[in-house]
Number of protein chains: 2
Amino acid sequence: MTEKRAKQLEEALRAAGVRVTRQRAALLRVLAESADHPDAAELHARAEAAGAGVSLATVYRTLTTLQAQGVIEKLEFQGEPARWEAADQQHHDHMIDVETGEVMEFTSDRIERLQAEIAAEMGYEIVHHRMELYVRRRRGGVPG
Amino acid sequence: MTEKRAKQLEEALRAAGVRVTRQRAALLRVLAESADHPDAAELHARAEAAGAGVSLATVYRTLTTLQAQGVIEKLEFQGEPARWEAADQQHHDHMIDVETGEVMEFTSDRIERLQAEIAAEMGYEIVHHRMELYVRRRRGGVPG
DNA sequence: ATATGTGCAAAAAGTTTGCACCTAC
DNA sequence: GTAGGTGCAAACTTTTTGCACATAT
């Protein structure tokens, strides 16, 4: 399944005139297999672990390229190195447990609508947004 | 007015056991006079322009200290150096014009309520949040 | 008097880049 | 064949830190 996705992406890149090198193919596979939100160093480590020879500089360059192609999204949480995620899912925002560091995803059409309304009232339209909730588990809280 | 505010802050800091040095006093004044969202280098430049002898290292250390005292807030917009703002106003979020770089402030009780609801549904409570709308002026838009 | 703060210069951390070589198309 | 990609090492940007000296309380 992730292999299939990786192949699809290779085609899309070629169609866009972006060369699919050994390094890029390897990173596409690593990204397709990653359900979490790894940073550049972590992606490099995973590629190395998979036996791909990819330099860290190329990881950075590839991430920039894939972002420009809309294949991945860059996440910049408070003061940490940038993290990345596949862009194939529907849009969502993030909730970060400040105690464990765990990153969860959520969506809210109602919030998105309100954001658009607020921008419109001020004469603007939204290009993109960023919303992060830094949270703590409630004592006696509802089980996940 | 800003001078008065700076004096108040000096008192609060002393009360909290934080020494009010010449450098800190100078930075408090620069911050009190700044209605925008300057980064450390800009604050350093403004302090220098005001004739205060303050090193950049001290600017960084002071910003960290003032943040810990709740006097200022740190803003981290997409990939730029951190910016700072006085924390005396009510809570608000930011809207950034992607074409001009202009930073505007806004509030929405409705969004804040929805955020709390979403966190609660997942068994969490919000410690703090970050919401930024990256926007573009609408062609034929409503005047500001 | 002394715990704290400061300046300087060096280091850290994350990311980007110049250049010679390599490779997908 | 050639435009575009890669590796390496060096540079860059922002921020932090060790240490000797200075100063607010």
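Numbered from 1 within each chain, the chains take letters A, B, ... in sequence-line order.
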Verify the contact: side-chain N or O of [X] to OP1 or OP2 of [N], cut-off strictly under 4.0 Å; return yes or no.
{"X": "Q23(A)", "N": "dG7(D)", "result": "yes"}
{"X": "T65(B)", "N": "dG5(C)", "result": "no"}
{"X": "R24(A)", "N": "dT6(D)", "result": "yes"}
{"X": "T21(B)", "N": "dT6(C)", "result": "yes"}

Closest approach to the side chain of [X], judged atom by atom: which nucleotide of [options] is it?
{"X": "R19(A)", "options": "dT15(D), dT6(D), dA24(C)", "result": "dA24(C)"}
{"X": "V20(B)", "options": "dT25(D), dG7(D), dT6(C)", "result": "dT25(D)"}
{"X": "V18(B)", "options": "dT6(D), dG5(C), dT15(D)", "result": "dG5(C)"}
{"X": "Y60(A)", "options": "dT6(D), dG14(C), dG5(C)", "result": "dG14(C)"}

Assess, by modelled atom type and distance only, whether the side chains of R29(B) and T2(B) contain a donor and an acceptor separated by less than 3.5 Å.
no
Between [N] atom [atom2] and [X] atom [atom1], what is the distance in whole Å?
{"X": "F77(A)", "N": "dA13(C)", "atom1": "CZ", "atom2": "P", "answer": "22 Å"}
{"X": "L56(B)", "N": "dA10(C)", "atom1": "CG", "atom2": "C1'", "answer": "14 Å"}
{"X": "R14(A)", "N": "dG5(D)", "atom1": "CZ", "atom2": "P", "answer": "13 Å"}
{"X": "Q78(B)", "N": "dG14(C)", "atom1": "CD", "atom2": "P", "answer": "20 Å"}
{"X": "W84(A)", "N": "dG14(C)", "atom1": "CH2", "atom2": "C1'", "answer": "12 Å"}
{"X": "E11(B)", "N": "dA24(D)", "atom1": "CD", "atom2": "P", "answer": "15 Å"}
{"X": "L63(B)", "N": "dT14(D)", "atom1": "CG", "atom2": "P", "answer": "15 Å"}
{"X": "L27(A)", "N": "dG5(D)", "atom1": "CG", "atom2": "P", "answer": "14 Å"}

According to the interplanar angle, ranging from 0 to 90°, do the rings of H37(B) and H94(B) count as parallel (below 30°), tilted (30 to 60°) or perpendicular (above 60°)?
perpendicular
Determine the interplanar angle of the H129(A) and H91(A) rings, folded into 0 to 90°, and report it as parallel if under 30°, tilted if 30 to 60°, perpendicular if over 60°.
perpendicular
Pick base, sugar-phosphate or nothing for A41(A), based on heavy-atom distances below 4.0 Å to the nucleic acid.
nothing
Select base, sugar-phosphate, or nothing to describe what R61(B) touches, counting heavy atoms under 4.0 Å on all strands.
base
Please compare T58(B) and A82(A) by the position of their nearest nucleotide in DNA chain C and report the one closer to 5'.
T58(B)
Given that A57(B) and G17(B) both sit by DNA chain C, which one's nearest nucleotide is further toward the 5' end?
G17(B)
Regarding K7(A) and E11(A), does a basic nitrogen lie under 4.0 Å from an acidic carboxylate oxygen?
no
Shared hydrophobic cluster for M131(B) and F106(A) (ILVMFWY, side-chain gaps under 4.5 Å):
yes
